[in-house]
Amino acid sequence: MTTGNRVLDAKIPGGPLADKWDRHEMENPLVAPGGNRRKLTVIVVGTGLAGGGAAATLGELGYNVLNFCIQDTPRRAHSVAAQGGINAAKNYQNDGDSVQRLFYDTIKGGDYRSREANVYRLAQLSTGIIDQSVAMGVPFAREYGGALSNRSFGGVQVSRTFYARGQTGQQLLLGVYSALVRQIEAGTVKMFPRHEMLDLVVVDGRARGIIARELTTGEIKRFAADAVVLATGGYSPVFYLSTNAVNCNATAIWRAHRRGALFSNPCYTQIHPTAVPQMGDYQSKLTLMSESLRNDGRVWVPKKPGDKRRPNEIPESDRDYYLERRYPAFGNLVPRDIAARAAKVESDLGKSAYFSPQSVYLDFAEAIGRLGKGVVGDRYGNLFDMYREIIGDSPYDTPMMIYPAPHYTMGGLWVDYNLQGTIEGLFVAGEANFSDHGANRLGASALMQGLADGYFVVPRVVASYLANAKASTVKADHDGFKAVEDESRTHIQRLLAIKGKRTVRDMHWELGRTMWDKVGMARNAGGLKEAIAEIGKLRESFWHDLALTGGADDLNKQLEQANRLCDYLELGELMARDALMREESCGGHFREEHQTPEGEALRDDANFAFVSAWEYTGPGREPVMHKEPLAFENVELKTRSYK
């Protein structure tokens with residue numbers, strides 16, 4: 001492994017932690033409203049909570065915004081699939097919550113591998129998100145008296161999660177969409193659906209635009225701007241089977257990485273503990289069951305290995321509620337990484353649900369008996385309906401079967417406090433960056449980060465950049481755009497020229513199995529080295545054995561998928577390299593060589609309390625790793641305990 005010495009300046013403001021963001025806002029310049037803003041153009045790629053929120057807000061402020069998504073409508077951004085809720089330190093329950101506690105819970109939940117300043121800002125902004133969303137008409141659940149309702153999520157001992165049944169992401173996205181459509185109608189935002197970013201255009205060291213392909217016609221286009229915002233989500237589909245939509249991909253951030261943006265902590269991936277178990281090899285994705293279910297559901301397995309009785313035939317005396325046994329202080333509401341690993345441990349011992357060796361039970365009998373079927377149905381009814389459609393059993397009568405599945409990625413493009421990457425003028429928001437969650441994201445914090453970045457952070461930091469920028473005007477006829485467009489066309493033609501016999505699905509499946517088996521919930525040096533070798537061979541095979549039909553000048557789903565897969569083949573190897581380098585266990589990164597006698601993650605703060613930031617050095621060449629040391633001035637570094 002090659003280690004670089006590049007100094008990464010996170011540009012964290014001075015002063016007390018609680019004052020940093022307010023001071024930063026005051027000390028950085030603005031762009032005056034009116035004509036000055038109308039002269040400036042910002043590209044936003046993505047229309048989820050981060051991208052759509054940023055585009056709508058920038059449009060409201062008066063900038064010219066070009067907004068891109070691969071779907072037929074912004075409403076289909078994958079934020080729509082989030083179920084359980086959104087965190088905010090409102091303390092409506094009067095149970096001891098505060099901005100400080102949300103900050104601490106997030107730092108601890110991420111196993112002390114995130115930046116204090118960024119996390120504190122996120123906690124600060126959380127309260128404004130709820131106010132903004134309510135004002136926009138988001139129908140959060142309410143108590144009988146009319147107050148907004150809260151529930152608990154894993155890794156905390158307060159109730160701070162606001163929710164709209166099991167459809168919170170959908171309702172929040174509809175709020176963003178209404179604001180976005182208002183700006184589209186006003187003419188400040190121009191929407192480009194069915195357009196996929198193929199590459200980033202960098203002119204004189206600054207991000208000045210993108211090359212995009214219109215997916216329905218195949219037309220490749222140039223778009224110029226004064227700043228570029230990437231809000232395209234994470235990269236869990238590198239595992240093939242994940243809770244993400246099939247079209248979710250890493251192409252935008254990976255192409256930016258190839259242009260010089262450093263990629264941070266790629267091995268930090270979250271395996272969600274509650275998904276419907278895999279039914280067969282024919283599947284293209286897995287179905288999430290919200291973490292909110294663990295508020296009232298109890299996780300268990302048969303005490304006896306190999307017990308294949310149906311769950312209702314197994315008496316209480318033969319059941320092991322293993323999370324309650326191992327973690328009495330938090331019980332079923334331990335963080336996701338801990339709950340997922342615990343399910344794997346029990347399953348590996350042969351203690352599993354009757355359906356398959358990779359499944360455990362989530363039981364609502366106690367909650368239904370205590371609260372009544374109506375109350376449980378009000379909280380989780382739509383999730384129960386989804387489960388019944390897939391499995392055929394009703395969770396009201398029979399315990400659910402669940403198993404961990406790839407879900408979220410904490411890694412992403414490196415950004416500073418201003419969410420600016422290592423390319424000037426390139427900003428990265430939401431799950432596409434690495435900044436807030438360390439080695440493990442707490443439940444209900446993804447929506448919080450997406451809206452904090454989109455509504456509040458991106459509009460402010462982009463304004464500061466534009467106010468300070470002294471760049472000359474660059475239009476889409478610039479030679480730099482032509483050169484990148486030519487490279488994109490060549491890449492598409494190279495894909496179509498492959499005349500092999502293997503489908504994209506077949507090759508992606510092989511990559512996914514390697515990633516899941518060797519770069520998944522449990523990792524070791526031998527398996528990671530094997531993964532690097534296997535992915536390298538598969539990548540070489542890809543360029544000889546791939547079979548594509550159709551052409552470049554029409555709708556071609558196989559071509560879209562192949563274009564994304566060639567990026568996953570590079571990203572997957574980087575994930576394995578990052579995991580091999582990090583000789584410790586922390587959060588979602590669990591190295592079998594580094595665990596406590598009780599099987600818990602064993603961190604090495606002396607050697608690994610840093611952010612890895614990988615530099616792309618060219619096709620087939622070993623990447624260079626740079627480091628951003630993590631300083632903890634407001635929390636004490638200590639071993640996480642949820643017992």
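One is the number of the first residue; the rest follow in order along the sequence. FYI, side chains are in, hydrogens and waters are out, and symmetry mates aren't considered; it's all heavy atoms of this structure.
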Check: With a 6.0 Å cut-off on ring centres, are F103 and Y120 close enough?
Finding: yes

Note to self: Counting neighbours of CD on E316 that are heavy atoms of other residues, nucleotides or ligands and sit closer than 6.0 Å, is the number greater than 12?
What the structure shows: yes

Note to self: In terms of relative ring orientation, are Y321 and W300 parallel, tilted or perpendicular, with 30° and 60° separating the classes?
What the structure shows: tilted

Notebook entry, point to check: So, F162 versus Y92, ring centres under 6.0 angstrom or not?
Noted result: yes

Check: Should we count CZ of R182 as having more than 12 external heavy atoms under 6.0 Å?
Finding: no

Check: Taking the inter-plane angle between the rings of F364 and Y380 on a 0 to 90° scale, is it parallel (under 30°), tilted (30 to 60°) or perpendicular (over 60°)?
Finding: tilted

Notebook entry, point to check: Within a radius of less than 6.0 Å around NZ of K304, do more than 12 heavy atoms belonging to other residues, nucleotides or ligands occur?
Noted result: no

Notebook entry, point to check: Taking only residues two or more places apart in sequence or in another chain, which ones pass ring-ring contact (aromatic ring centres under 6.0 Å, His included) with Y387?
Noted result: none

Check: If you measure from CG on L413 to CG on L419, what distance do you get to the nearest 0.5 Å?
Finding: 11.5 Å

Check: Testing Y163, F140, Y144 for side-chain contact (heavy atoms from CB on, under 4.5 Å) with S149, which one passes?
Finding: Y163

Checklist line | Any side-chain donor near an acceptor of the partner, Q561 and H508, under 3.5 Å | finding: no

Notebook entry, point to check: Near R101 CZ, under 6.0 Å, is it more than 12 heavy atoms from other residues, nucleotides or ligands?
Noted result: no

Next item on the list: Nearest 0.5 Å please: distance from the CD1 atom of I130 over to the CD1 atom of I86.
Entry: 5.0 Å

Next item on the list: Tell me yes or no: between the side chains of N433 and Q449, is some donor less than 3.5 Å from an acceptor?
Entry: yes

Please output the side-chain donor-acceptor pairs of residues 369-379 that fall under 3.5 Å, not counting sequence neighbours, one pair per line with the distance.
from	atom 1	to	atom 2	distance (Å)
R370	NE	E366	OE2	3.0
R370	NH2	E366	OE1	3.3
R379	NH1	D296	OD2	2.9

Item checked: Lys/Arg cation over aromatic Y112: K638, 6.0 Å, 45° cone -> no

Notebook entry, point to check: Looking only at side chains, do T243 and H407 share a donor and an acceptor under 3.5 Å apart?
Noted result: yes

Next item on the list: Give a yes or no on whether R319 atom CZ has more than 12 heavy-atom contacts from other residues, nucleotides or ligands under 6.0 Å away.
Entry: yes

Margin query: Quick check on side chain to side chain donor-acceptor pair (under 3.5 Å): which of E324, R294, E291 does N332 satisfy it with?
Written below: E324

Check: Can you tell me if Q170 uses its side chain to pair, donor with acceptor, with the backbone of A82 under 3.5 Å?
Finding: no

